[in-house]
S.K.: 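Please read through the structure below; I'll follow up with questions.
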Amino acid sequence: MMRTNSDSPPTAAPLEQGGTVVLATSTSASGVPHQHRRRGLLPMEGGNPLSTKRTLEFISRDALFNVIPLPPAEAALDDSGYSLHGAGPDAITCALGTPDACIGEVTRLSPTVVWVTPKGAVDTSEPRTLPVYLSGCGVTLGPIRGAFIRTDAETANAPVGLQLVGVTLEQGRQILSLLADALKRGVAEPAASALPVQDTIEDAERIRSILVAICASGNKGVMRRTGRTVRMVLERFNPTTSQLEWRTDETGAEWGEAPYDIDVIGYNSAYRMKLEEGTAEGDRLLTPLPKQIFRIRHRWHRRVPAPAGVSVSFHHPLWRELGELDRELVDMSFSGMCIRCRPEDLMFPGLLPPLLELRTDNNEIISLRGEIRYVSSVRADGTVLCGLSVLPYSSDEARWVRFVSQAASPNTRTSENLEDGLWDLFTRSGFFSLAGKSAEEFEELRLAFRNMAKKAAEIPQLFCQAVWPSERGLEATLSFMKPYRHSWMGHQVAKRPGKPPSNVSEPGQIMRDLYMRTFEHPQSDPDFKWVVAYVEALNPWIAKAHVRYAERQMATGAGLAFTRKVHMLDILTHELTGRTFEDISVGSATPNELTVLADTIARTRPNCYVEALDFTRERMELRPVQARWKEFGLEREREVLIARRGGVPVAAAVLEMGQLGTNLYSLLDMARLFSITEAGPSTYVALVDAARRWYAARRRTSFHYLCEDEGGDYVQEAGIHGGPDPYMWIISSKLIPDFLEHISELTIGRRSALATTRQG
């Protein structure tokens with residue numbers, strides 16, 4: 001059987017069509033249906049594209065095939081196909097009933113839907129299907145059966161939508177042929193395409209840093225001139241002359257006269273610049289640095305080439321008679337892929353293949369569902385490239401994440417079966433000596449850590465423990481976990497000291513690879529909104545990579561980042577103060593007290609702190625997170641204790657606990673104290689003793705206290721021990737592409753980019 005969970009119920013009665021059911025939907029004045037306007041469409045900007053995840057699960061492969069061909073309401077988006085903007089002889093017109101009964105020009109068209117700007121009144125109350133005729137370039141197609149999609153009857157000349165039903169294979173070919181002609185003439189564009197986001201960078205050092213990183217990475221660029229383009233590479237930045245050196249391999253290429261409009265590709269952005277002057281030297285062009293560049297964000301997820309031999313098989317959701325299509329996978333990301341198809345496959349934007357079976361290079365099958373977002377024109381080899389947004393079925397989610405992660409970061413691995421190597425790496429790197437500790441103090445955690453390392457590899461929904469292996473062992477490691485509803489935490493970073501192994505040509509490659517793998521990993525999570533970490537800024541790399549970056553983002557005032565120094569102090573559960581607190585009572589928070597606490601935190605902390613750490617009222621108790629961890633047999637808990645005087649709440653302790661072994665410093669066993677009134681600090685000692693009892697009951701011998709103020713007498717009175725002073729670090733998931741661009745710039749290997757010898 002097939003289960004479909006939509007965000008909302010249909011707003012109109014279904015139309016019966018020969019045994020299938022098609023939902024009629026309401027539309028907006030712009031001609032885009034409200035209910036399913038973005039159904040299945042994964043936006044590329046403004047947040048995680050997977051956050052619009054829609055459940056569509058098939059219990060078995062046979063059950064799926066029994067429903068193919070799908071009715072148009074499930075086979076394609078209502079805003080599928082192509083937007084048309086031709087006029088006069090370039091327009092496609094629509095007629096109803098007879099070929100000469102034209103109602104207006106078509107503004108959107110696919111084999112499943114047509115939208116028309118009417119030239120007069122159109123009676124859309126007809127409940128039956130009608131003959132539909134499409135005319136353009138001297139050709140008339142039809143009759144095709146179509147039914148009105150409910151439109152805005154109160155608005156004059158509102159767009160009219162018709163859902164096409166029972167479209168035959170030949171009619172589909174004819175419609176797509178008509179659209180192909182419109183594309184060639186430049187009067188059509190994919191309706192589902194997303195516009196890029198552009199921002200301007202004018203800081204001279206930032207521009208230099210970006211372009212030097214592009215030099216070292218060898219990414220391609222293009223210079224646009226009237227009537228033609230020149231493909232080129234930004235080969236080198238000469239620090240002596242402060243000039244960029246461009247090179248082209250195109251025979252007979254002419255640089256022409258300045259100014260030059262040039263686009264180059266960075267880590268996951270395209271950069272556009274206008275260079276006002278330049279000197280041509282054969283196949284090279286020398287230019288000064290630009291005074292400004294425009295960054296165009298073109299993907300939320302980094303696309304990487306697919307491993308050789310990987311293919312995708314599927315059936316066309318409209319025309320099963322095309323048979324099973326087995327097509328080469330060209331590239332992919334967590335949320336998308338490109339496959340090499342043929343024109344006769346009849347792909348178009350908005351088509352929703354309900355089952356895509358990806359066969360890996362190891363003959364593993366991963367089941368996905370997707371949406372066609374882009375179809376290229378026919379290439380020289382007779383093929384077309386089809387871009388899709390995809391989501392894995394829940395049963396294959398873990399395998400999909402592992403497959404994409406490994407393809408995106410082939411130099412890295414997950415850490416299962418490498419626990420002994422990790423322990424050796426932590427010892428060599430000095431990780432165990434952080435905060436004044438010794439390796440011996442961690443031995444009792446070794447078994448729990450080993451068990452979690454194995455388990456984490458099977459739960460990519462909650463963990464990513466990545467390593468960079470070489471012939472001499474593990475070179476570095478970095479881990480991520482998901483301790484909050486919308487946040488992933490970076491932690492447990494270690495790197496072997498000394499020179500890198502012989503197969504590493506660039507000093508920054510190891511850390512760059514690990515950051516790419518771990519920071520990209522949460523992008524597969526539809527709920528991902530924040531990254532949290534506690535970073536030691538005494539390390540110059542951490543200071544530049546994390547603290548300075550967050551401070552720069554905070555200066556923009558956009559509310560997408562936060563960092564500040566805190567004190568991570570230690571509390572031993574057996575060291576109760578022995579004091580009595582006759583005028584203070586401590587107990588679990590009531591619902592009203594949780595509301596008061598949430599309001600207090602919201603007033604005294606930035607919004608990103610509140611959101612990232614689940615201090616909103618509805619998430620304060622961490623119940624969805626606790627349930628998610630419990631689903632995998634793991635502990636995760638939060639308790640809020642309230643200190644009261646005369647029954648009035650004056651302070652709170654928020655106590656958290658996580659599965660033993662998730663972090664060697666037990667970062668999830670963390671307590672925070674919050675004052676609700678001015679008298680709050682006077683109850684902190686009582687709260688600390690209550691916290692000791694809470695953690696001891698859960699078999700913990702110690703826990704951390706995250707002190708966000710400068711402490712006070714209560715620290716000594718409560719018997720709290722000293723600890724490190726890390727920076728709390730929070731950035732929005734929206735910044736991840738930019739942050740990884742920043743990491744790329746810091747680690748890209750400047751010596752090769754700045755070398756004085758030219759590279760051929």
S.K.: Which is it for Phe449 and Trp423 under the ring pair (Phe, Tyr, Trp, His ring centres under 6.0 Å) test, yes or no, and what are the steps along the way?
M.R.: CA-CA 9 Å; Phe449 174 77; Trp423 208 260; 5.8 Å; yes
S.K.: For Arg369 and Pro392, which heavy atoms make the closest approach, and how far apart are they?
M.R.: NH1-O, 3.3 Å
S.K.: Can we say Arg638 and Asp614 salt-bridge, meaning some charged N sits less than 4.0 Å from an Asp/Glu carboxylate O?
M.R.: no
S.K.: Does Asp424 pair with Arg428 as a salt bridge, N-O distance under 4.0 Å?
M.R.: yes
S.K.: Does the gap between the ring centers of Trp530 and Phe562 come in under 6.0 Å?
M.R.: no
S.K.: Establish, yes or no, whether a centroid distance under 6.0 Å links the rings of Phe615 and Phe674.
M.R.: yes
S.K.: Main chain of Ile366, side chain of Glu357: is a donor-acceptor contact present, judged purely on distance under 3.5 Å?
M.R.: no
S.K.: How long is the span from the OG atom in Ser702 to the CG atom in Asp570, to the nearest 0.5 Å?
M.R.: 6.5 Å
S.K.: Do Glu635 and Arg699 meet the salt-bridge criterion of a basic N to acidic O distance under 4.0 Å?
M.R.: yes
S.K.: One thing to verify: whether Arg295 and Glu741 come together as a salt bridge, which I'm taking to mean a side-chain N less than 4.0 angstrom from a carboxylate O.
M.R.: no
S.K.: Measuring from atom NE2 of His491 to atom CG of Leu664, what distance do you get when rounded to the nearest 0.5 angstrom?
M.R.: 9.5 Å
S.K.: In terms of heavy-atom contacts, does CZ of Arg623 have more than 12 from other residues, nucleotides or ligands at under 6.0 Å?
M.R.: no
S.K.: Between Arg672 (side chain) and Leu655 (backbone), is there a donor-acceptor pair under 3.5 Å?
M.R.: no
S.K.: Salt bridge check, Arg700 against Asp669: does any charged N sit closer than 4.0 Å to a carboxylate O?
M.R.: yes
S.K.: Under 30°, 30 to 60°, or over 60°: which ring-plane class applies to Trp729 and His546, parallel, tilted or perpendicular?
M.R.: perpendicular
S.K.: Which heavy atom of Arg636 sits nearest a heavy atom of Met657, and at what distance?
M.R.: NH1-O, 3.2 Å
S.K.: Once rounded to the nearest 0.5 Å, what's the spacing between atom CE of Met481 and atom SG of Cys464?
M.R.: 12.5 Å
S.K.: In terms of relative ring orientation, are Phe739 and His742 parallel, tilted or perpendicular, with 30° and 60° separating the classes?
M.R.: tilted
S.K.: How many angstroms lie between atom CZ of Arg698 and atom CD of Glu639, to the nearest 0.5 angstrom?
M.R.: 6.5 Å
S.K.: Can you tell whether the side chains of Asp725 and Lys565 come within less than 4.0 Å, N to carboxylate O?
M.R.: no
S.K.: Are Trp629 and Phe463 close enough that their ring centers fall under 6.0 Å?
M.R.: yes
S.K.: For Glu611, which of Arg485, Arg605, Lys529, Arg619 qualifies under salt bridge (charged side-chain N to carboxylate O under 4.0 Å, His left out)?
M.R.: Arg619
S.K.: Hey, can you tell me if Phe442 and Phe431 have their rings parallel, tilted or perpendicular (30° and 60° cut-offs)?
M.R.: tilted
S.K.: Salt-bridge test for Arg359 and Glu364: reply yes if a basic N is under 4.0 Å from a carboxylate O, no otherwise.
M.R.: no
S.K.: Regarding Arg446 and Glu419, does a basic nitrogen lie under 4.0 Å from an acidic carboxylate oxygen?
M.R.: no
S.K.: Has the side chain of Ser409 got a donor or acceptor atom that lies under 3.5 Å from a matching backbone atom of Gln406?
M.R.: no
